[in-house]
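Quantities reported herein were computed from a predicted structural model and do not represent experimental measurements.
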Amino acid sequence: MRTSQYILATLKETPSDAEIISHQLMLRAGMIRKLASGLYTWLPSGLKVLRKVEQVVREEMNKAGAIEMLMPVIQPADLWQESGRWEQFGPELLRINDRHNRPFALGPTHEEVITDFVRKEISSYKQLPLTLYQVQTKVRDEVRPRFGVMRAREFTMKDAYSFHLTEECLAQTYQRMHQAYCNIFERLGLDYRPVIADTGSIGGSVSHEFHVLAESGEDAIAFSTESDYAANIEKAEALAPTEARPEPSKELNTFATPEAKTIADLKAQHGVKPHRGVKTLIVYGAPDENEQRGLVALILRGDHELNELKAEKHPLVDSPLEMAKEEDIFAAIGARPGSLGPVGLKMPIIVDRSAAVMADFVAGANKDGEHYSGINWDRDVAEYDVFDLRNVVEGDPSPCGKGTLQIKRGIEVGHIFQLGTKYSEAMNAGVLGENGKNQIMTMGCYGVGVSRIVAAAIEQNNDDYGIKWPTALAPFELAIVPMNMHKSHRIPDIAERLYSEFTAAGIDVLFDDRKERPGVMFNDMELLGVPFTLVIGERNLDNNQVELKNRRTGEKLMLDIDQAVAAITAQIRG
RNA sequence: CGGCGAUUAGCGCAGUUUGGUAGCGCACUUGGUUUGGGUCCAAGGGGUCGCAGGUUCAAAUCCUGCAUCGCCGACCA
């Protein structure tokens with residue numbers, strides 16, 4: 001490719017609405033342009049990278065025994081009604097009507113379509129197990145699209161679905177997919193981790209997420225220092241403290257706290273250390289037989305954070321979890337958030353394991369502007385339930401029993417699930433078993449955020465000059481940059497010759513044939529992140545040499561012109 | 001969906017307080033100059049100032065409504 005016949009589209013300035021580095025660099029390197037919020041056009045360079053990711057994903061999926069197909073983006077509503085997700089999915093499911101006013105959805109995922117396909121097409125246990133996949137555009141009407149293609153409303157995803165007769169068979173395929181995913185991220189040159197995950201709205205039992213580690217990641221991941229245990233923080237268990245609860249040593253006392261509404265205020269105004277107090281969060285309880293929701297108090301140590309996913313697993317708590325409105329709290333307790341506590345509270349009280357081993361602690365007195373000190377469980381609060389409610393923090397003991405937890409941020413680029421029969425049962429997808437009886441299939445599903453990987457790779461591979469692509473992802477393998485081509489005959493002759501030789505050798509080469517100053521060309525090639533740049537200049541031509549620059553290492557290598565093509569091809573392919 | 005902010009040329013911004021008929025840098029076009037790290041000089045093209053309404057002799061500027069975009073929160077692969 002010649003730059004003069006290409007859309008390089010690099011920008012000197014950073015568009016003001018790009019927050020994270022990958023979004024900025026994708027715009028500046030001419031990879032994407034925004035059409036509307038969460039909707040992006042992929043320019044030639046961006047598309048080349050996207051295709052490279054797809055290719056690696058395809059190869060590893062095929063190797064793992066999955067078969068590629070392609071399903072429509074537009075899906076009839078009745079399939080979604082059949083699975084129950086037409087109502088359940090919420091506004092993220094973008095719905096449209098056709099000219100006959102028939103309802104459709106733009107597919108955010110394809111469990112319904114694939115299950116419908118398989119139930120019609122597969123009728124015998126002999127055809128199982130079966131793993132099908134596609135690489136396709138997904139649509140999700142995100143509440144808040146952000147970070148460019150990282151969280152877009154339209155994005156490219158590889159989604160695979162497996163069908164089995166038994167749980168054991170599913171577990172085997174799940175393991176193969178797990179390995180295939182590791183292979184994919186390994187080949188893409190990314191620093192990644194598989195982590196134990198929650199199944200969320202997709203459903204199912206066992207689930208792992210694959211995270212690319214990056215500061216800008218939207219998820220927190222907990223790792224053990226001593227084992228390979230890793231879990232999404234929302235799923236990491238906070239073990240009960242091993243130390244016993246100290247005996248009460250102080251009397252219950254009230255003190256006035258007119259200006260203290262938060263844990264931070266208590267510390268600043270009254271010297272109460274956060275880990276010596278508790279916070280009391282009021283949420284709605286699970287509906288009773290009359291569909292009425294009461295209130296439930298959740299108690300955590302002052303320096304801990306509520307994990308909503310854990311809280312809603314408690315039978316007394318409504319799911320999804322909802323914080324009580326201030327007026328409901330005031331009506332029930334007679335005090336407002338900021339002065340709440342467990343003493344004398346007339347509602348179910350659920351205490352986090354770490355808060356349950358505290359003694360002589362501080363909490364609100366359920367009277368505006370007043371707190372208690374010297375509170376002790378059992379003595380001052382008779383009835384309560386102990387439960388794991390909080391997010392783990394750095395230094396907590398690992399749930400695996402070995403080492404302590406470390407917390408890092410990650411970008412979710414893959415997610416695999418053992419679905420079980422959630423969809424196959426709802427949609428009556430069965431096959432005839434060996435015994436001649438109909439048997440509902442067991443399913444797994446496996447997603448890779450293909451477009452998100454492009455952004456995630458940049459988050460992990462950049463410097464002040466731009467992108468530093470891992471070899472497997474670079475939009476071009478080599479750039480040829482001639483110095484002041486129009487001023488000599490030698491330079492263009494050699495550049496043209498090398499360009500055609502590299503092309504013939506099958507190297508994907510970008511020939512910068514613009515009439516630009518050297519600095520402009522260097523900057524553009526570095527911004528775009530081409531791994532190798534071949535510099536052709538008068539200076540070295542007298543010695544019959546050209547210079548090869550390595551984008552990642554910064555190394556410069558002088559090569560004899562006659563050996564350049566062979567040497568560089570070997571280096572790129574090697 | 002709640003809170004905050006923005007919207008002026010392809011991009012980054014000034015001008016709005018105090019109303020007087022739109023500007024700077026980059027990019028683009030032409031000519032010259034320069035040439036191993038974003039040259040310099042000159043000339044040029046490009047804007048219904050987000051949209052609609054109102055106030056006024058006069059609105060980018062003041063008022064009202066709406067839209068879009070972004071940030072924080074809630075929510076979510």
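Heavy atoms of A/His211 sit nowhere under 4.0 angstrom from any nucleic acid atom. Contacts of A/Lys34 with the nucleic acid, taken as non-hydrogen atoms under 4.0 Å apart, involve only primed sugar atoms and P, OP1 or OP2. A/Gly447 comes within 4.0 angstrom of no nucleic acid atom, judged by non-hydrogen atoms across all strands. Using a 4.0 Å heavy-atom distance criterion, A/Val481 is classed as making no nucleic acid contact.
Electrostatic pairing of A/Asp542 and A/Arg490 counts as a salt bridge here, judged by a charged N lying under 4.0 Å from a carboxylate O. In summary, A/Glu305 and A/Arg390 do not engage in a salt bridge, as defined by a charged side-chain N under 4.0 Å from a carboxylate O. Ionic pairing of A/Glu154 and A/Lys138 is not present here: no N-O contact between side-chain nitrogen and carboxylate oxygen is shorter than 4.0 angstrom. Remark: A/Asp141 does not engage A/Arg95 in a salt bridge, criterion side-chain N to carboxylate O under 4.0 Å. Salt-bridge annotation for A/Glu142 and A/Arg151: present, with a side-chain N of the basic residue lying under 4.0 Å from a carboxylate O of the acidic one. The existence of a salt bridge linking A/Lys313 and A/Asp388 is excluded, since no basic side-chain nitrogen approaches an acidic carboxylate oxygen closer than 4.0 Å. Between A/Asp513 and A/Lys515 no salt bridge is recorded (no basic side-chain N to carboxylate O distance below 4.0 Å). Salt bridge absent: A/Asp198 and A/Lys310 never bring a charged side-chain N and a carboxylate O closer than 4.0 Å.
Under the salt bridge (charged side-chain N to carboxylate O under 4.0 Å, His left out) criterion, A/Asp463 pairs with A/Arg551, sequence neighbours left out.
For the pair A/Leu35 CG and B/rG70 P, the computed distance is 12 Å after rounding to whole Å. Rounded to whole Å, the distance from NE2 on A/His486 to P on B/rU34 is 10 Å. Distance, A/Leu27 CG to B/rG70 C1': 14 Å, rounded to whole Å. Residue A/Asp464 contributes atom CG, which lies 15 Å from atom C1' of B/rG38 at whole-angstrom precision. For the pair A/Leu527 CG and B/rC26 C1', the computed distance is 15 Å after rounding to whole Å. What separates CG of A/Asn540 from C1' of B/rG36 is a distance of 9 Å, to the nearest Å. As rounded to whole Å, 12 Å separates atom C1' of B/rC76 from atom CG of A/Leu309.
With rounding to the nearest 0.5 angstrom, the CZ atom of A/Arg187 is 8.5 Å from the CD atom of A/Gln55.
The nucleotide B/rA14 finds no pairing partner, because no Watson-Crick or G-U wobble arrangement with both distances shorter than 3.5 Å includes it. When both pairing distances are held under 3.5 Å, B/rG73 makes a Watson-Crick or G-U pair with B/rC1. Base pairing analysis places B/rC28 opposite B/rG44; the two distances defining the Watson-Crick or G-U wobble pair are each below 3.5 Å. The base-pairing partner of B/rG50, taking Watson-Crick or G-U wobble contacts with both distances under 3.5 Å, is B/rC66. Using Watson-Crick or G-U wobble geometry with both donor-acceptor distances under 3.5 Å, B/rU21 finds no partner in any strand shown.
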Run the side-chain donor-acceptor check on residues 177-184 of chain A: report pairs under 3.5 Å with partners two or more places apart or on a different chain.
{"residue": "A/Gln179", "atom": "NE2", "partner": "A/Asn183", "partner atom": "OD1", "Å": "3.0"}
{"residue": "A/Tyr181", "atom": "OH", "partner": "A/Lys158", "partner atom": "NZ", "Å": "2.7"}
{"residue": "A/Tyr181", "atom": "OH", "partner": "A/Tyr446", "partner atom": "O", "Å": "3.2"}
{"residue": "A/Tyr181", "atom": "OH", "partner": "A/Gly447", "partner atom": "N", "Å": "3.0"}
{"residue": "A/Tyr181", "atom": "OH", "partner": "A/Gly447", "partner atom": "O", "Å": "3.2"}
{"residue": "A/Asn183", "atom": "ND2", "partner": "A/Glu60", "partner atom": "OE1", "Å": "3.3"}

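Residues A/Ala152 and A/Glu547 both approach RNA chain B. Their nearest nucleotides, taken by heavy-atom distance, put A/Glu547 toward the 5′ side. Nearer the 5' end of RNA chain B, as judged by each residue's closest nucleotide, is the contact made by A/Lys487, out of A/Lys487 and A/Arg28.
Between A/Asp159 and A/Gln134, the side chains place a donor N or O and an acceptor N or O closer than 3.5 Å (distance only, hydrogens not considered).
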Step by step, would you call A/Arg2 with A/Glu496 a salt bridge (charged side-chain N to carboxylate O under 4.0 Å, His left out)?
-> CA-CA 10 Å; A/Arg2 293 165 193 268; A/Glu496 288 287 353; 2.9 Å; yes
With the criterion being N/O to N/O and under 3.5 Å, what pairs connect the protein with nucleotides 71-75 of chain B, and how long is each?
{"residue": "B/rC71", "atom": "OP2", "partner": "A/Arg144", "partner atom": "NH1", "Å": "3.0"}
{"residue": "B/rC72", "atom": "OP2", "partner": "A/Arg144", "partner atom": "NH1", "Å": "3.4"}
{"residue": "B/rC72", "atom": "OP2", "partner": "A/Arg144", "partner atom": "NH2", "Å": "2.6"}
{"residue": "B/rC75", "atom": "OP1", "partner": "A/Glu308", "partner atom": "OE1", "Å": "2.5"}

Where do N or O atoms of nucleotides 29-31 of chain B meet protein N or O atoms at under 3.5 Å, pair by pair?
none

Identify the pairs formed between an N or O of the protein and an N or O of nucleotides 39-47 of chain B at a distance under 3.5 Å, and give each distance.
{"residue": "B/rU39", "atom": "OP2", "partner": "A/Arg517", "partner atom": "NE", "Å": "2.9"}

Give me the distances for all protein-to-nucleotides 4-11 of chain B N/O pairs that come in under 3.5 Å?
{"residue": "B/rC11", "atom": "O2", "partner": "A/Glu13", "partner atom": "OE1", "Å": "3.1"}

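Counting non-hydrogen atoms of other residues, nucleotides and ligands closer than 6.0 Å to NE2 of A/His486 gives a total above 12.
Not a single donor-acceptor contact under 3.5 angstrom links the side-chain atoms of A/Glu516 to the base of B/rG38. A donor-acceptor contact under 3.5 Å is not formed by the side chain of A/Asn484 with the base of B/rG36.
Checked against a 6.0 Å centroid threshold, the rings of A/Phe117 and A/Phe163 do not count as neighbours.
Using atom P as the reference point in both B/rC71 and B/rA59, the two lie 36 Å apart (nearest Å).
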